[in-house]
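Below is one structure; the comments refer to it alone.
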Number of protein chains: 2
Amino acid sequence: MTSRSRKPVGSREVRPDRGIPEATIARLPIYLRALTGLADRGVTSASSEELAGAAGVNSAKLRKDLSYLGTYGTRGVGYEVSYLRYQIAREIGLTQDWNVVIVGIGNLGLALAKYSGFASRGFCVAALIDTDPSRYGEKVAGLEITPLDQLDRVVAECSISIGVIATPANNAQNVCDRLVAAGVSSILNFAPIVLNVPEGVDVRKVDLSIELQILAYHEQRKANSVVDLEAGAL
Amino acid sequence: MTSRSRKPVGSREVRPDRGIPEATIARLPIYLRALTGLADRGVTSASSEELAGAAGVNSAKLRKDLSYLGTYGTRGVGYEVSYLRYQIAREIGLTQDWNVVIVGIGNLGLALAKYSGFASRGFCVAALIDTDPSRYGEKVAGLEITPLDQLDRVVAECSISIGVIATPANNAQNVCDRLVAAGVSSILNFAPIVLNVPEGVDVRKVDLSIELQILAYHEQRKANSVVDLEAGAL
DNA sequence: ACGATTTTGTTAACGCGTTCACAAACTCCT
DNA sequence: AGGAGTTTGTGAACGCGTTAACAAAATCGT
């Protein structure tokens with residue numbers, strides 16, 4: 001809680017920056033997407049109820065989330081779509097573009113490299129790294145596949161702060177260490193392994209098998225409860 | 001807690017099934033992975049501390065999580081790796097295999113279809129669906145790409161209960177409705193959109209852009225705090 | 001046999017996130 | 001101008017999940 005004041009655009013004091021709950025942060029991108037969708041359909045204003053509907057949350061939660069950022073709505077009216085969208089984008093840090101390096105150009109890395117959804121949201125895939133010498137120089141989505149040795153150089157040259165690990169599990173920790181050593185401080189990990197990183201480095205993981213397993217658990221429970229019902233009906 | 005003594009294999013009463021917290025469910029697959037890793041390294045027994053380390057959580061949480069399943073440890077000793085692994089697998093529902101259909105064979109769908117990590121965890125990609133007629137019949141990972149029209153038939157024939165949506169956002173809700181109509185009751189959604197589903201259908205979402213945006217937020221904050229420190233040093 | 005040591009299972013405290021409910025603030029209509 | 005109607009922002013209650021702490025239960029050594 002630095003008591004410093006900040007003046008981003010039109011003199012807002014006490015900077016509501018600090019202390020936004022993690023759960024709220026995780027929802028801001030969803031609100032952003034919902035707002036973009038509304039803007040694309042020509043909607044210029046929306047109530048918390050409408051926005052919440054589009055984002056798949058309840059309106060109280062949405063209002064509370066937004067209240068952490070500041071008071072961007074108007075009572076009795078709602079939120080101006082484009083204004084709120086800008087404020088959320090600014091809060092997340094999307095007023096600048098972020099350069100990303102993808103390490104591991106297998107099936108998944110390839111798909112990520114080709115995915116167009118990143119660019120439209122302010123993320124630019126700036127480099128592709130692999131360890132297989134037979135693939136050095138190969139061009140994917142306009143970028144050359146580069147050896148892992150050159151990670152330091154590439155990260156520095158392209159000002160990369162976000163790394164994506166799409167290698168098999170057995171390489172992931174090594175690649176992670178290299179990324180951290182090169183100065184990357186945010187990592188998105190697709191390898192099914194728990195990464196050890198030093199203080200100050202953020203890791204988010206995406207594990208497809210885990211998601212399927214969670215679904216399987218619920219699926220099994222649904223199946224069991226049907227069995228129970230039938231048994232009970234006897 | 002229940003003063004019952006232990007009967008590891010036959011005759012389980014009062015079924016400890018109900019009421020496992022969602023947060024715990026989401027960690028069971030991680031424990032499972034950690035146990036598999038230990039087993040592969042020849043470890044036969046592990047304490048909650050060791051297991052927790054391998055899973056990246058603290059030991060109190062691990063013990064509490066496991067206590068929801070039953071009492072599978074031995075005080076003063078720890079957990080038997082293979083026994084606990086089986087119990088967790090059973091709880092999640094991995095004693096059977098699950099058939100999965102992937103809808104949308106673009107970059108991502110292709111990568112998922114080829115990904116070998118599913119099979120090893122009890123998930124079998126049984127069908128590939130796309131809407132592009134020019135791709136019907138194309139073989140990917142030993143499976144033919146099938147038209148969306150045939151979803152009902154395929155789901156029924158292959159006993160598919162889990163669907164993966166890897167289409168662009170604009171098709172996703174339509175595909176989702178079709179999946180539900182065909183009898184699929186668990187969906188893993190990669191499309192950047194909030195899906196509407198009826199009661200009883202579970203949806204989990206994976207949104208790569210959202211993950212990157214969350215990282216960007218923290219990255220921005222780290223950068224800002226550096227700036228603040230420097231400013232404060234003046 | 002029994003005390004020392006280890007480690008689980010569980011209870012209680014704590015903290016975070018969600019939801020409710022309502023006053024404050026805005027618009028619109030007469 | 002002022003009352004009726006909306007909708008936000010938020011304080012307070014609630015519930016869930018995490019963590020700490022410890023008694024119960026096992027092993028080991030003597």
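Residue numbers begin at 1 in each chain, while the letters A, B, ... track the order of the sequences. In this text, all values refer to a predicted model and were calculated from it rather than measured experimentally. Values below: every heavy atom of this structure, side chains too, minus hydrogens, waters and symmetry copies.
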For this session: May I ask you to evaluate whether A:Tyr79 reaches the phosphate of D:dT6, defined as a side-chain N or O under 4.0 Å from OP1 or OP2?
Result: no
For this session: Say whether, by atom type as modelled, one donor and one acceptor occur between the side chain of A:Arg221 and the main chain of A:Tyr217 under 3.5 angstrom.
Result: no
Exercise. C:dT19 P sits how many Å from A:Lys64 NZ, rounded?
Worked result: 12 Å
Exercise. Distance check: side-chain N/O of B:Arg63 vs OP1/OP2 of D:dC22, anything under 4.0 Å?
Worked result: no
Problem set entry | Out of D:dT19, D:dT7, C:dC20, whichever nucleotide has its closest atom nearest the side chain of A:Arg75 | D:dT7
Problem set entry | Nearest-0.5 Å distance, CG of residue A:Leu188 to CG of residue A:Leu112 | 8.0 Å
Problem set entry | Shortest non-hydrogen contact between B:Ile214 and A:Pro29, atoms and distance | CG1-CG, 4.4 Å
Exercise. CD1 of A:Ile20 versus C1' of C:dC16: gap in Å, rounded?
Worked result: 16 Å
For this session: Taking only the side-chain nitrogens and oxygens of A:Tyr68, find out if one of them lies under 4.0 Å from OP1 or OP2 of C:dG17.
Result: no
Exercise. Pick the nucleotide of DNA chain D nearest each of A:Asp65 and A:Gly76; which residue has the one closer to the 5' end?
Worked result: A:Gly76
Exercise. Is there a side-chain polar atom (N or O) of B:Ser48 under 4.0 Å from OP1 or OP2 of C:dT8?
Worked result: yes
Problem set entry | Interatomic distance where CG belongs to A:Leu84 and C1' belongs to D:dG9 [whole Å] | 14 Å
For this session: Calculate the interatomic distance between B:Glu80 atom CD and D:dT27 atom P; express it in whole Å.
Result: 13 Å
Seminar exercise, completed: Here the distance between atom C1' of D:dT8 and atom CD of A:Gln87, to the nearest Å, is 16 Å
For this session: Examine B:Tyr83 together with B:Tyr72 and report whether their ring centres are nearer than 6.0 Å.
Result: yes
Exercise. For the residue pair B:Val194 and A:Ala54, what are the closest heavy atoms and their distance?
Worked result: CG2-O, 3.8 Å
Seminar exercise, completed: Walking DNA chain C from its 5' end, the first of B:Ser67 and A:Glu22 to be reached, judged by nearest nucleotide, is B:Ser67
Seminar exercise, completed: Checking C:dT8, C:dT18, C:dG9 against the side chain of B:Thr71 (C-beta onward), the nearest is C:dG9
Seminar exercise, completed: The residue, A:Lys61 or A:Thr74, whose nearest nucleotide of DNA chain C is more 5′ is A:Lys61
Problem set entry | d(OH, B:Tyr72; P, C:dG9) in whole Å | 11 Å
Exercise. Starting at CG of B:Leu62 and ending at P of D:dG17, how long is that distance when rounded to a whole Å?
Worked result: 17 Å
For this session: Let me know the distance between CD of B:Glu49 and P of D:dA20, rounded to the nearest Å.
Result: 11 Å
For this session: Check every atom of C:dT27, C:dT18, D:dC22 against the side chain of A:Val77 and return the nucleotide holding the closest atom.
Result: C:dT27
